[in-house]
Amino acid sequence: MMKRGDRTIVAIDLETGGFNPVTDALLMIGCYWTDFRGNARGLLTRVSRGEKRVKSEAAAICGYIDDEQWDGLGALPVGPALDRLICWLQGMSGLTGGTLELVAHNGEGVDRPFLEQALREQGLMEEVFGEHQRLVSYSWHDSMMTMRACQAAGLVSVEYGA
């Protein structure tokens, strides 16, 4: 049986330009790794819109105004943004001996389809899901309870509009 201190997680939350991963932009990738022993790392990557759309109601959630403003905040094209995510996950995997549980804020409903679509479009699907035993598991759950536990333990703070 795995004890609390033996488990590590990566919580992922995406901000998108809508709800359709084929037509709407992936705008942000936020990740938070913890081993529940006080060790934690985070990653926040803004993603350029490219040819995909951003609906106004979705833009308001993450602070997207226009391409120039977004790129001025350091947004990366989707390919390099996903490369950054993969490298970061590999680094976190190295800290844990290769065992991570990947959880997503909106799980099966929104975040996973957007991540999978972006990876598929960039030819990177195998980098994340093809070697899941080394990098991440297929165990996706809603991470609200996970993030609340991290907040209660003082491992993560909430900063809106960051």
Under 3.5 Å donor-acceptor pairs involving side-chain atoms of residues 70-78, not counting sequence neighbours:
unit_1, atom_1, unit_2, atom_2, d
Trp70, NE1, Val47, O, 2.9
Asp71, OD1, Ser48, OG, 3.0

field: Nearest-0.5 Å distance, OG1 of residue Thr23 to CD of residue Glu51
entry: 13.0 Å

message: If I compare all heavy atoms of Cys31 with all of Trp88, which pair ends up nearest, and what's the gap?
response: CB-CZ3, 3.3 Å

- prompt: If every non-hydrogen atom of Cys62 is compared with every non-hydrogen atom of Met28, which pair is closest and at what distance?
  reply: CB-SD, 3.7 Å

query: Which atom names give the shortest non-hydrogen contact between Ile29 and Ala81, and what distance separates them?
result: CD1-O, 4.4 Å

- request: Drop me the distance from Arg49's CZ to Thr16's OG1, to the nearest 0.5 angstrom.
  value: 14.0 Å

query: For the atom pair CD1 (Ile86) and CG (Leu124), what is the distance rounded to the nearest 0.5 Å?
result: 4.5 Å

message: Just so I know, are the side chains of Glu15 and Tyr64 near enough to count as touching, which here means a heavy-atom distance under 4.5 Å?
response: no

field: For Asp83, salt bridge (charged side-chain N to carboxylate O under 4.0 Å, His left out) partners two or more places apart
entry: none

- request: Under the side-chain hydrogen bond (donor to acceptor under 3.5 Å, both in side chains) rule, collect the residues that match up with Arg41, sequence neighbours excluded.
  value: none

query: Does anything in residues 17-33 pair up under salt bridge (Lys or Arg N to Asp or Glu O under 4.0 Å), and if so which pairs, sequence neighbours excluded?
result: Asp24-Arg53

- request: Applying side-chain contact (heavy atoms from CB on, under 4.5 Å) between Leu27 and each of Leu14, Val54, Thr45, report the one that passes.
  value: Val54

query: Counting only N and O atoms by type, is there a donor-acceptor contact under 3.5 Å from the side chain of Arg84 to the main-chain atoms of Leu44?
result: yes

- line: Sorted by chain and residue number, the side-chain contact (heavy atoms from CB on, under 4.5 Å) partners of Glu121 (sequence neighbours excluded) come out as Lys52, Gln117

Partner set under side-chain contact (heavy atoms from CB on, under 4.5 Å) for Asp66, not counting sequence neighbours: Glu68, Gln69

- request: Could you grab the distance from atom OG of Ser56 to atom CD1 of Ile65, nearest 0.5 Å is fine?
  value: 13.0 Å

